[in-house]
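Below, chain A is the first sequence line, B the second, and so on; all start at residue 1.
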Amino acid sequence: MRFTYNKKEKLKSKKLIEQLFAEGKSVSAYPLRLVFLPTTFEDAVPAKTGVSVSKRNFKKAVDRNRIKRLMRESYRLNKAIYFNNLTQQYAFMILYIGKDKPKFIEVVTRMKLLFDKFQSKISET
RNA sequence: CAAGUAGAUUGCCUUAUCGCUGUUCAUGUAAAUGAAUGGAGGAAAGUCCGAACACCAUAGUGCAACAUAGUGGCUAAUAACCACCAGUCGUGAGAUUAGGAAAAGUGCAACAGAAAGUAUGUACAGGUCAUGCUGUAGUGAAACCAGGUAAACUCUAUGUGGUGCAAUGCCAUGUAAACUAGCGCUUGAAGGCGGCACGUUUGAUGCUAGAGGGUAGGCAGCUAAAGUGUAUUGGUAACAAUGCACGCAGAUAAAUGAUAAGGUAUUCCCGUUCUUUUUCAGGAGAUCCUGAAACGAGUUCAGGAAGAACAGAAUUCGGAUUAUAGAUUUACUUAAGCA
RNA sequence: UGGCCCAUGGUGUAACUGGCAACACGUUGGUUUUUGGUACCAAAGAGUCUAGGUUCGAGCCCUAGUGGGCCAA
């Protein structure tokens with residue numbers, strides 16, 4: 001699997017996002033929080049993922065863009081390890097709930113922990 | 001040199017790996033894959049003016065409301081910009097000004113003061129036949145001046161129709177032209193129409209409210225534009241004309257990046273080279289020479305450490321506003337400064 | 001994208017037409033009480049979000065900004 005993250009893997013449907021926040025479950029590994037919902041869609045990808053940073057915590061657009069880029073990058077590099085053996089299509093939204101600007105290595109380690117938690121949670125049910 | 005004034009330019013670089021996005025081409029039924037090429041700013045920011053563009057009736061009349069306010073120029077247009085005049089501030093280079101009208105009218109002026117706008121009291125002096133007739137004193141920001149105040153109302157002149165790309169046009173998907181209450185159906189509900197009136201026009205399977213059902217995807221608008229760079233000419237200048245070259249982001253839970261390594265401007269630390277300053281001692285005798293010490297300043301070289309500010313397009317332009325580490329550079333000023 | 005409103009002691013509010021920034025709670029000290037509370041007495045605490053301007057004089061008027069809140073599609 002290639003380390004890609006193109007338009008088809010992005011969560012873009014407004015309707016699906018509203019459904020995700022209304023019905024989805026969540027796990028968190030501070031400063032990240034993952035909201036997920038098993039669903040189906042037409043494109044042949046295992047998951048659609050979006051990232052989000054609160055305007056309340058980061059007032060400047062430059063800071064928000066930087067954090068979202070770091071989150072997308074760490075998702076792109078690590079998704080293959082976890083999602084190749086998914087049996088169900090998922091919608092994900094990763095939120096940044098911290099209040100300080102992170103470094104790349106921190107985001108990567110927490111992202112890995114986050115998806116470890118996610119896998120143990122879905123294997124329970 | 002120091003202190004200062006007014007501008008102008010710039011505001012990280014290289015390599016490797018892995019990505020994102022627009023366009024074009026190739027392969028492919030398609031999904032997709034590959035290649036080439038483009039991909040944030042001087043403020044993209046806040047949203048204070050002015051326009052373009054789109055729709056509402058190509059936009060009516062009056063009132064109201066709002067904006068502007070020396071003169072001339074410039075511009076698509078402006079409250080921006082340029083030149084000049086005048087006022088104020090500064091030694092000066094320069095800075096700054098909502099800079100029309102107080103003889104159309106209404107209002108306002110605390111305290112002090114006799115009196116604050118229909119004036120004229122006290123004391124002293126002068127003057128007169130006589131009298132606030134004249135001057136001075138005293139209060140105050142202002143005391144008779146056709147006073148001040150218009151960033152008080154107002155008047156004058158000029159200008160402004162409204163809504164905004166979530167405009168607007170089209171395609172696709174889907175539901176409920178159902179239910180309840182009120183108003184109305186040519187004797188006119190309601191809308192176009194923005195604060196009001198007039199006027200005009202549309203108008204019945206209609207309008208308003210309640211409760212409820214559905215959609216919330218795509219395409220166009222969407223980037224070639226009052227465009228950018230440069231040269232010449234005209235103009236004091238803003239700016240204009242002409243030639244040549246370039247073809248310059250287009251995302252939409254929102255691209256333009258991430259990581260690693262190296263480097264540059266610059267800053268700091270330690271050592272070092274040279275110059276200078278101060279102190280002490282000795283010599284000469286006028287303003288100097290020699291030696292020692294000290295820390296301060298500048299500077300050369302080597303090593304080490306840190307190492308880029310403010311900030312992210314969202315229909316598009318023109319201006320002004322605010323934020324901004326540092327670097328480069330032009331012109332000019334100096335009363336009191338140092339050599 | 002467009003529009004509207006607010007900012008005054010630590011907190012919540014006043015200040016009329018421009019003329020000495022007021023009140024309550026809180027704070028500090030004292031009296032009363034065995035102690036604490038209550039009650040009473042006294043004191044401190046601000047120059048009105050920032051920078052300019054108009055004016056003799058600005059919390060109030062004007063301009064620009066900063067921060068906060070709200071509304072519409």
* B:U21 - base-pair partner by Watson-Crick or wobble geometry, distances under 3.5 Å -> B:G38

* Just checking A:Arg72: base, sugar-phosphate only, or nothing, at a heavy-atom cut-off of under 4.0 Å? -> sugar-phosphate

* Structure fact -> Checking N1-N3 plus N6-O4 or O6-N4 for Watson-Crick, or N1-O2 and O6-N3 for wobble, each under 3.5 Å, the partner of B:G210 is B:C179

* To do: Assess whether side chain to side chain contact (heavy atoms under 4.5 Å, CB included) is satisfied between A:Arg66 and A:Asp63, documenting all intermediate values.
  => CA-CA 5 Å; A:Arg66 163 79 181 173; A:Asp63 296 337; 5.6 Å; no

* How far does the C1' atom of B:U200 sit from the matching atom of B:G214, given to the nearest Å? -> 39 Å

* Under a 3.5 Å cutoff on both atom distances, Watson-Crick or G-U, what's the dot-bracket for RNA chain C ([ ] crossing, | other strand)? -> (((((((..((((.....[..)))).(((((.......))))).....(((((..]....)))))))))))).

* **Glycosidic class, syn or anti, of B:A104 using a 90° window around 0** => anti

* Taking O4'-C1'-N9-C4 for purines and O4'-C1'-N1-C2 for pyrimidines, is B:G42 syn (within 90° of 0) or anti? -> syn

* Looking across every strand, which nucleic acid part, if any, lies under 4.0 Å from A:Lys68 by heavy atom: base, sugar-phosphate, or nothing? -> nothing

* To do: Round to the nearest Å and state the distance from A:Asn6 atom CG to B:A251 atom C1'.
  => 15 Å

* side-chain contact (heavy atoms from CB on, under 4.5 Å) partners of A:Ile67, counting only residues at least two apart -> A:Val53, A:Phe58, A:Met71, A:Tyr96, A:Pro102

* To do: Using the C1' atoms only, state how far B:C239 lies from B:A258, rounded to an integer number of Å.
  => 48 Å

* Sticking with atom C1', work out how far B:G184 lies from B:C207, rounded to a whole angstrom. => 8 Å

* Asked: So, is A:Lys10 near the phosphate of B:A255, with a side-chain N or O under 4.0 Å from OP1 or OP2?
  -> no

* P spacing across the pair B:U266 / B:U299, given as an integer number of angstrom -> 12 Å

* Interatomic distance at P, B:U324 relative to B:C49, whole Å -> 25 Å

* To do: Determine: side-chain N/O of A:Lys7 to OP1/OP2 of B:G19, distance under 4.0 Å, yes or no.
  => no

* To do: Counting Watson-Crick and G-U wobble pairs only, both distances under 3.5 Å, name the nucleotide matched with B:A54, or none.
  => B:U163

* Rounded distance (Å) that lies between atom C1' of B:G257 and atom CE of A:Met71 -> 15 Å

* To do: Please state the P separation for the pair B:G7 and B:G94 - nearest whole angstrom.
  => 11 Å

* Asked: If anything within 90° of 0 is syn and all else is anti, what is B:C207?
  -> anti

* If you find the nucleotide of RNA chain B closest to A:Leu11 and the one closest to A:Lys60, which residue's nucleotide is nearer the 5' end? -> A:Leu11

* Starting from P on B:A253, measure out to CG on A:Leu20 and report it in whole angstrom. => 15 Å

* Ring centers of A:Phe118, A:Phe92 separated by less than 6.0 Å -> yes

* Has the side chain of A:Arg76 got a donor or acceptor atom sitting under 3.5 Å from an opposite partner on the base of B:C20? -> no

* Asked: With both distances under 3.5 angstrom, what nucleotide forms a Watson-Crick or G-U wobble pair with B:A245?
  -> B:U228

* To do: Starting at atom CE of A:Met111, determine the distance to atom P of B:U259, rounded to an integer number of angstrom.
  => 13 Å

* Structure fact -> From CD of A:Glu73 across to P of B:A260 the rounded distance in Å is 11 Å

* Write down the partner of B:A93 under the Watson-Crick or G-U wobble criteria, each distance required to be under 3.5 Å. => none

* G-U wobble or Watson-Crick pairing nucleotide for B:U259 (cut-off 3.5 Å, both distances) -> B:A16

* Watson-Crick or G-U counterpart of B:C196, or none if no pair lies under 3.5 Å -> B:G62

* To do: Please report the closest heavy-atom contact between A:Arg33 and A:Ser26, naming both atoms and the distance.
  => NH2-OG, 3.2 Å

* Base of C:G47 relative to its sugar, syn (within 90° of 0) or anti? -> syn

* Asked: If the P atom of B:A255 is compared with that of B:G41, how far apart are they to the nearest Å?
  -> 16 Å

* To do: Please say which of A:Arg72, A:Lys10, A:Arg69 ends up in a side-chain contact (heavy atoms from CB on, under 4.5 Å) with A:Val51.
  => A:Arg72

* Could you check if the base of B:U223 is syn or anti? Syn means the glycosidic torsion is within 90 degrees of 0. => syn

* **Nearest-angstrom distance from the residue atom CG of A:Asn78 to P of B:C18** => 17 Å

* Looking only at atom C1', what distance separates C:A73 and B:G307, rounded to whole Å? -> 49 Å

* With a 4.0 Å cut-off on heavy atoms, is A:Leu70 in touch with a base, just the backbone sugar-phosphate, or nothing at all? -> sugar-phosphate

* When you check every protein heavy atom under 4.0 Å of nucleotides 38-43 of chain B, what one-letter string (B, S, -) results, 5' to 3'? -> --B---

* **Nearest-Å distance for atom pair OH/P, residues A:Tyr5 and B:A251** => 17 Å

* Report the base-pairing partner of B:C84 (Watson-Crick or G-U wobble, both distances below 3.5 angstrom), or none. => B:G70

